Amino acid sequence: MGYQHRPLQPHRRINAIGAAYFVTSVTHERQEHFREPAFAELAVCDLWFAAKLNQFSLIGYTILPQHVHLLARRTGKTTLSKFVGSFKRNIARDINDLIWERPHVRKPRAGADDSNRPLQENYLMTAKTHPWLTFQDYQSHFLWVATIKDQFRRTDHRKKDLTWFQWQKSFHDHLIRDQPDLDRHLKYIRFNAVRHKLTEEPGKWRWMWIVGMTEPAI
């Protein structure tokens with residue numbers, strides 16, 4: 001594409017319900033953490049969860065080795081900054097937990113005998129500020145994360161070479177103006193992995209999704 005997306009300052013961002021945004025977030029010093037398949041899969045998992053948690057509707061995304069592009073529409077009261085911040089915090093925590101072999105759900109309180117109780121307790125705390133989030137969505141997210149981590153621990157032997165994950169500060173965003181603008185950005189997302197020579201066909205890039213495609217499943 002022949003244009004660049006400029007970051008808007010927080011006080012200039014338009015946070016209207018129904019507004020759609022194109023967002024780019026880059027890893028610290030452009031380290032290629034998402035070249036590791038498990039980390040890219042975690043990014044997909046955490047992006048879907050952040051959207052549900054913050055009442056955003058995903059329109060499209062692509063996960064590249066050193067950055068993420070996403071298109072999303074605001075459907076609730078949560079601001080764009082909180083939505084993107086939620087995603088960035090969650091993926092940083094999940095990747096670093098995996099590198100340092102920390103449990104995703106922390107230890108239950110003393111005397112707890114129900115293996116699902118910590119998850120239920122965490123959900124109830126989350127639901128106080130996110131009442132629209134169902135326990136089913138919450139549980140599905142944690143099962144997805146657990147599946148990714150179990151597969152990584154069984155098959156990957158490069159953990160000793162992985163470094164602490166961080167994002168660059170802030171993010172770039174563009175307010176979608178109209179349908180042609182939306183279509184241009186969807187096309188950009190669809191072909192971005194091809195443009196970076198990561199695949200020859202956009203449909204073969206595992207970590208790209210646009211509305212109309214089948215949603216990823218556990």
Side-chain angles (χ1 to χ4, degrees), residues 1-10 12-15 19-75 78-92 94-95 165-216:
M1 299 178 72
Y3 55 90
Q4 295 182 341
H5 302 283
R6 296 180 180 179
L8 295 176
Q9 296 302 318
R12 294 179 56 197
R13 286 194 177 111
I14 298 174
N15 282 292
Y21 306 90
F22 177 83
V23 173
T24 299
S25 193
V26 182
T27 61
H28 179 63
E29 295 183 347
R30 295 189 173 272
Q31 295 186 12
E32 296 190 342
H33 284 86
F34 296 124
R35 196 172 288 279
E36 164 54 51
F39 294 173
E41 189 74 10
L42 280 173
V44 170
C45 175
D46 283 334
L47 182 55
W48 281 99
F49 184 66
K52 291 177 179 178
L53 189 66
N54 295 283
Q55 293 184 300
F56 271 73
S57 176
L58 292 179
I59 304 171
Y61 60 77
T62 187
I63 313 296
L64 284 302
Q66 58 182 231
H67 63 280
V68 173
H69 295 303
L70 68 95
L71 261 171
R73 189 178 304 278
R74 185 186 181 201
T75 61
T78 307
T79 65
L80 177 65
S81 293
K82 288 184 178 180
F83 162 52
V84 177
S86 173
F87 163 63
K88 292 175 69 173
R89 284 193 303 274
N90 285 346
I91 187 59
D94 286 344
I95 289 177
F165 179 88
Q166 297 181 71
W167 292 102
Q168 284 190 11
K169 292 183 178 179
S170 192
F171 57 90
H172 294 258
D173 63 282
H174 167 79
L175 177 68
I176 299 297
R177 299 185 298 274
D178 50 29
Q179 188 62 46
D181 193 24
L182 179 65
D183 292 341
R184 283 193 297 272
H185 284 83
L186 279 173
K187 183 177 180 180
Y188 183 80
I189 284 175
R190 180 174 177 81
F191 288 95
N192 201 237
V194 176
R195 178 173 172 262
H196 285 276
K197 303 185 185 306
L198 296 169
T199 182
E200 294 183 355
E201 298 180 31
K204 292 185 177 181
W205 185 242
R206 179 177 170 185
W207 299 286
M208 183 277 296
W209 178 89
I210 58 175
V211 65
M213 296 176 63
T214 301
E215 293 184 10

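All residue numbers in this chain count up from 1 along the given sequence. Computed from a predicted structure; not experimentally measured.
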[Y] and [X], any side-chain heavy atoms less than 4.5 Å apart:
| X | Y | answer |
| --- | --- | --- |
| L80 | F56 | yes |
| T62 | V68 | no |
| L71 | Y188 | no |
| P180 | R184 | yes |
| L198 | P65 | yes |

I need the minimum non-hydrogen distance between [X] and [Y], along with the two atoms involved.
| X | Y | answer |
| --- | --- | --- |
| I176 | Y21 | CG1-N, 4.1 Å |
| T199 | E201 | OG1-O, 3.1 Å |
| I59 | A20 | CD1-CB, 4.1 Å |
| L175 | A19 | CD1-CB, 3.9 Å |
| A51 | L58 | CB-CG, 3.9 Å |
| A43 | F87 | O-CE1, 3.4 Å |

Please determine whether the number of non-hydrogen atoms from other residues, nucleotides or ligands lying under 6.0 Å from atom CD of Q179 exceeds 12.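 It does: Q179 CD has more than 12 such atoms within range.
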
Distance from [X] atom [atom1] to [Y] atom [atom2], nearest 0.5 Å?
| X | Y | atom1 | atom2 | value |
| --- | --- | --- | --- | --- |
| R195 | L64 | CZ | CG | 9.0 Å |
| D94 | R89 | CG | CZ | 12.5 Å |
| Q166 | E29 | CD | CD | 8.0 Å |
| S25 | I91 | OG | CD1 | 11.0 Å |
| L70 | I189 | CG | CD1 | 7.0 Å |

Tell me, with the steps shown, if H174 and D181 meet side chain to side chain contact (heavy atoms under 4.5 Å, CB included). CA-CA 10 Å; H174 167 79; D181 193 24; 2.8 Å; yes

Hey, is the main chain of [Y] close enough, under 3.5 Å, to the side chain of [X] for a donor-acceptor pair?
| X | Y | result |
| --- | --- | --- |
| E36 | A38 | yes |
| T27 | Q66 | yes |
| K88 | K169 | no |
| W205 | A193 | no |

Set out, in order, the CA-CA distance, both residues' side-chain angles and the distance that settles side-chain hydrogen bond (donor to acceptor under 3.5 Å, both in side chains) for N54 and S86, then state yes or no. CA-CA 8 Å; N54 295 283; S86 173; 3.3 Å; yes

Using the six-membered ring wherever Trp is involved, compare the ring planes of W209 and W48 and label them parallel, tilted or perpendicular (cut-offs 30° and 60°). perpendicular

In terms of the angle between their ring planes, are F22 and H69 parallel, tilted or perpendicular, with boundaries placed at 30° and 60°? parallel

Output all residues satisfying ring-ring contact (aromatic ring centres under 6.0 Å, His included) with F191, sequence neighbours left out; order by chain, then residue number. none

Apply ring-ring contact (aromatic ring centres under 6.0 Å, His included) to H196 and list each qualifying residue two or more places apart in sequence or on a separate chain.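 ring-ring contact (aromatic ring centres under 6.0 Å, His included) check on H196 returns H67.
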
Does the side chain to side chain contact (heavy atoms under 4.5 Å, CB included) test come out yes or no for F34 and W207, once each step is laid out? CA-CA 10 Å; F34 296 124; W207 299 286; over 6 Å; no

Candidate pair H33 and H28, rule side chain to side chain contact (heavy atoms under 4.5 Å, CB included), full reasoning: CA-CA 10 Å; H33 284 86; H28 179 63; over 6 Å; no

Tell me, with the steps shown, if R73 and L182 meet side chain to side chain contact (heavy atoms under 4.5 Å, CB included). CA-CA 11 Å; R73 189 178 304 278; L182 179 65; 4.3 Å; yes

